[in-house]
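Take a look at the structure set out below.
Only this structure's heavy atoms are used, side chains among them; waters, hydrogens and symmetry mates stay out. Here the structure is a predicted model, which is why all the values come from computation and not from measurement.
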Amino acid sequence: MADRYRLGVLSGDGIGPEIVPATVRVLDAAVAAAGGASIGWVPLPVGAEAIDTHGSALPPITLETLEQLDGWLLGPHDSASYPEEHRVQLNPSGFLRKHYDLFANIRPAKAFEGTPALVPGLDLVVVRENTEGFYADRSTYRGTGEYMPTPDVAIAMGIFTRPAIERIARQAFELAMRRRKHLTIVHKANVLRLTTGFFRDICREIAADYPEVRVDDFHIDAMTVHLVRHGADFDVLVTENMFGDILSDLAGELAGSLGIAPSINASHQRAMAQAAHGSAPDIAGRNLANPTAMIASGAMLLDWLGARQAAVLVDQGLRAAVGSGVRTADLGGTAGTAEFTDAVVASINELT
C-alpha cells in the first residue's frame with residue numbers, strides 16, 4: 001500500500017456534486033482510521049459545468065491530469081441535457097472508458113441486512129466487458145459505430161474479439177476464485193451464434209485454467225428471470241457490454257435500490273470509481289440522494305489500489321449506518337445525504 005494516493009475528483013452533474021464530496025469525506029475517514037496512508041484529492045472539471053467554463057464536457061486539462069493520477073471518482077453525468085453539439089459526442093463516462101481502455105466494469109449487487117430487498121440475501125458481482133460488444137460507441141477507433149446509409153436505415157456494429165473476451169474472462173475467474181468459486185456466463189448463443197456464442201466458448205476455454213470454479217451459462221433473457229426468482233444462488237456473472245449494463249441495473253434494484261449499486265471501471269494500470277446509477281436531476285440539490293453507491297464505488301477503488309483495510313472499513317461503516325436505522329428514502333428511511341454521510345463517518349470512527 002502506498003503512503004499517499006493522488007486521486008481525481010470529477011463531481012459531474014445532477015446529484016454528483018452532493019454524492020462525490022460525501023464519498024471524499026468517507027474515504028478520508030477510512031484511510032485515516034486504517035493508518036499509514038493519505039489521499040491527495042485533485043478536483044477536475046467535467047460535465048455541464050466544464051462546458052460552461054472550458055467549452056467541453058471533458059476538457060484537455062482533465063485528461064492530461066488524469067494521466068498522472070492513481071485513479072479517480074467520476075460522478076454521474078446528465079449528457080442528455082447538454083447542448084446539441086456536445087450530446088452527439090461520447091458522454092464523459094463512455095469517453096473515459098474508451099480512452100483509457102478500462103476494459104473491466106465490475107458491478108457488485110449485495111443486499112443490506114434489514115432493508116427491503118426484492119431478493120433477500122443477494123450477493124453477486126456482474127463482470128461486464130467494457131470496450132466492445134453491442135455498445136457501438138466503444139467498438140471503433142474512430143466514429144461511433146453507428147451510421148445511417150439512408151434516411152430510413154440505421155446500423156450499429158457489435159464487435160467481439162478474442163483478446164478482449166479472454167482478458168475479461170480471466171478477470172471474472174480471478175474474482176470467482178476470491179469469492180464462492182461459481183461463475184455464470186451470460187450470452188444469447190441460441191440466436192447470436194457467431195458473436196455471443198464466441199464469447200461463451202472463449203470463456204469456457206479459459207475455465208480450463210480454473211478447475212476449482214464451477215461454471216454454468218444462461219441466455220440473457222432466461223438470466224433476468226433467474227435473478228428475480230433466485231438471485232441469491234449466483235456468485236459472479238460475466239457477459240458482454242450491453243447485457244452487463246442491463247443485468248447490473250436489474251441486480252442493483254433487486255438488492256434494494258440502484259442507490260446502493262457501485263461499480264469500478266479498470267484496466268491493469270488505471271481505475272475509475274463510478275456509481276451504477278444516473279444523475280437524478282429531479283432530486284439534485286435537495287439533500288435527498290443516497291450516496292451509498294458512490295461511496296461503495298470509492299471503496300472498490302481503494303481495494304484496487306491495495307488499501308484493503310480502508311476499503312473494508314468503508315463497507316463496514318456503510319452497513320453499520322444502515323443497520324442502525326439511518327437510511328435515505330429509497331431504503332425506506334428519512335435521512336438526507338448529509339445526515340447519512342455523517343452516520344457513515346461516525347460508524348467508521350467507532351469501528352476503530
(request) Test V213 against H182 for side-chain contact (heavy atoms from CB on, under 4.5 Å), laying out the working first. (result) CA-CA 5 Å; V213 177; H182 175 200; 5.8 Å; no
(message) side chain to side chain donor-acceptor pair (under 3.5 Å), that's the test. Do D245 and Y135 meet it? Break it down for me.
(response) CA-CA 10 Å; D245 196 7; Y135 270 3; 2.5 Å; yes
(request) Just do the side-chain contact (heavy atoms from CB on, under 4.5 Å) check on S81 and D13 with the steps written out, would you? (result) CA-CA 10 Å; S81 69; D13 306 318; 5.8 Å; no
(request) Take I159 and T195 through the side-chain contact (heavy atoms from CB on, under 4.5 Å) test and state the conclusion after the steps. (result) CA-CA 8 Å; I159 307 295; T195 50; over 6 Å; no
(request) Evaluate side chain to side chain donor-acceptor pair (under 3.5 Å) for E174 paired with Y210, printing each intermediate quantity in order. (result) CA-CA 8 Å; E174 291 292 335; Y210 299 88; 2.7 Å; yes
(request) Could you give me the CA-CA distance, side-chain angles and deciding distance for S347 and V345, then say whether side-chain contact (heavy atoms from CB on, under 4.5 Å) is met? (result) CA-CA 5 Å; S347 295; V345 171; over 6 Å; no
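For CD1 of I155, the number of neighbouring non-hydrogen atoms (other residues, nucleotides, ligands) closer than 6.0 Å is greater than 12. Environment of CD in E85: crowded, with over 12 heavy atoms of neighbouring residues, nucleotides or ligands closer than 6.0 Å. No more than 12 heavy atoms of other residues, nucleotides or ligands lie within 6.0 Å of CZ in R193, so this atom counts as exposed by the packing criterion.
In this structure, L44 CG and T62 OG1 are separated by 5.0 Å, a value rounded to the nearest 0.5 Å.
Counting only distance, with no hydrogens or angles, the side chain of E146 and the backbone of M157 share no donor-acceptor pair below 3.5 Å. In this structure, the side chain of D217 does not engage the main chain of R200 through any donor-acceptor pair within 3.5 Å. Looking at S279, its side chain never comes within 3.5 Å of a backbone N or O of P76 through a donor-acceptor pair. Put simply, the side chain of S297 never gets that close to the backbone of I264: no donor and acceptor are under 3.5 Å apart. Between the H187 side chain and the A189 main chain, a donor and an acceptor come within less than 3.5 Å of each other. Remark: side-chain polar atoms of T337 are paired, donor with acceptor, to backbone N or O of A289 under 3.5 angstrom. Not a single donor-acceptor pair under 3.5 Å links the side chain of T23 to the backbone N or O of G298. With Q316 contributing its side chain and L318 its backbone, the two residues share no donor-acceptor pair below 3.5 Å.
Two residues are said to be in side-chain contact when any heavy atoms from C-beta on lie closer than 4.5 Å; V46 and H77 fail this criterion. Counting heavy atoms from C-beta outward, L10 and M272 have side chains that stay 4.5 Å or more apart. In this structure, S263 and I106 have side chains that are not in contact, with every pair of non-hydrogen atoms separated by 4.5 Å or more. With a 4.5 Å cut-off on side-chain heavy atoms, V186 and F218 do not count as touching. In this structure, the side chains of V238 and E129 stay at 4.5 Å or more apart for every pair of heavy atoms. By the 4.5 Å heavy-atom criterion applied to side chains, I185 and D216 are not counted as neighbours. Annotation: side chain of V26 is in contact with side chain of T341 (closest heavy-atom distance under 4.5 Å). Two residues are said to be in side-chain contact when any heavy atoms from C-beta on lie closer than 4.5 Å; F199 and I168 meet this criterion.
For F160, the ring pair (Phe, Tyr, Trp, His ring centres under 6.0 Å) partners at least two apart in sequence or on another chain are F134. Take E84 and apply the side-chain hydrogen bond (donor to acceptor under 3.5 Å, both in side chains) test, not counting sequence neighbours, and it matches R87. Annotation: ring pair (Phe, Tyr, Trp, His ring centres under 6.0 Å) contacts of H86 (sequence neighbours excluded): none. For F198, there are no ring pair (Phe, Tyr, Trp, His ring centres under 6.0 Å) partners, not counting sequence neighbours. With sequence neighbours left out, D28 forms a side-chain hydrogen bond (donor to acceptor under 3.5 Å, both in side chains) with W41. For R180, there are no side-chain hydrogen bond (donor to acceptor under 3.5 Å, both in side chains) partners, not counting sequence neighbours.
Between the side chains of T196 and E240, no donor-acceptor pair is found at a separation under 3.5 Å. No hydrogens or angles considered: nothing links the side chains of D233 and H226 as a donor-acceptor pair under 3.5 Å. Side chain to side chain, Y100 and N265 fail the donor-acceptor criterion of an N or O pair below 3.5 Å. At a cut-off of 3.5 Å, with distance as the only test, a side-chain donor of R97 or Q274 sits close to an acceptor on the other residue. T292 and N290 share a donor-acceptor pair across their side chains, judged by distance under 3.5 Å alone. For the residue pair N241/E132, the side-chain donor-acceptor check at 3.5 Å is not satisfied.
Note on residues 281-296: no pairs pass salt bridge (Lys or Arg N to Asp or Glu O under 4.0 Å), not counting sequence neighbours. Evaluation of the salt bridge (Lys or Arg N to Asp or Glu O under 4.0 Å) test over residues 330-352, restricted to residues two or more places apart or in two chains, returns R25-D342. Applying the salt bridge (Lys or Arg N to Asp or Glu O under 4.0 Å) test to every pair with at least one member in residues 51-80, sequence neighbours left out, gives these pairs: E67-R270. Each ring pair (Phe, Tyr, Trp, His ring centres under 6.0 Å) pair with one or both residues in residues 284-303, not counting sequence neighbours, would appear here, but there are none. Pairs of residues two or more places apart, or lying in two chains, that qualify as ring pair (Phe, Tyr, Trp, His ring centres under 6.0 Å) and include a residue from residues 267-319 are F103-H268.
Taking every heavy atom of both residues into account, P291 and T328 meet most closely at CD-CG2, 4.4 Å. Shown here for L63 and L58, the closest heavy-atom pair between the two residues is CD1-O, 4.4 Å.
Cluster membership for V228 and L237, using ILVMFWY side-chain heavy atoms within less than 4.5 angstrom, is shared. No single ILVMFWY cluster, assembled from side-chain heavy atoms under 4.5 Å apart, contains both L331 and L258. L301 and V312 fall into different hydrophobic clusters, where Ile, Leu, Val, Met, Phe, Trp and Tyr residues are linked whenever their side-chain heavy atoms come under 4.5 Å apart, directly or through other members. In the hydrophobic cluster analysis, where Ile, Leu, Val, Met, Phe, Trp and Tyr join through side-chain heavy atoms closer than 4.5 angstrom, V225 is grouped apart from F234. Both M223 and V191 are members of a single hydrophobic cluster when ILVMFWY side chains are connected at heavy-atom separations under 4.5 Å.
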In a table with atom names and distances, give each donor-acceptor pair under 3.5 Å that connects a side chain of residues 113-122 to protein atoms at least two apart or in another chain.
from : atom 1 : to   : atom 2 : distance (Å)
T115 : OG1    : F112 : O      : 2.5

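Salt bridge R214/D235: absent, no basic N to carboxylate O contact under 4.0 Å. Using a 4.0 Å cut-off between a side-chain N of Lys or Arg and a carboxylate O of Asp or Glu, R167 and D101 qualify as a salt bridge.
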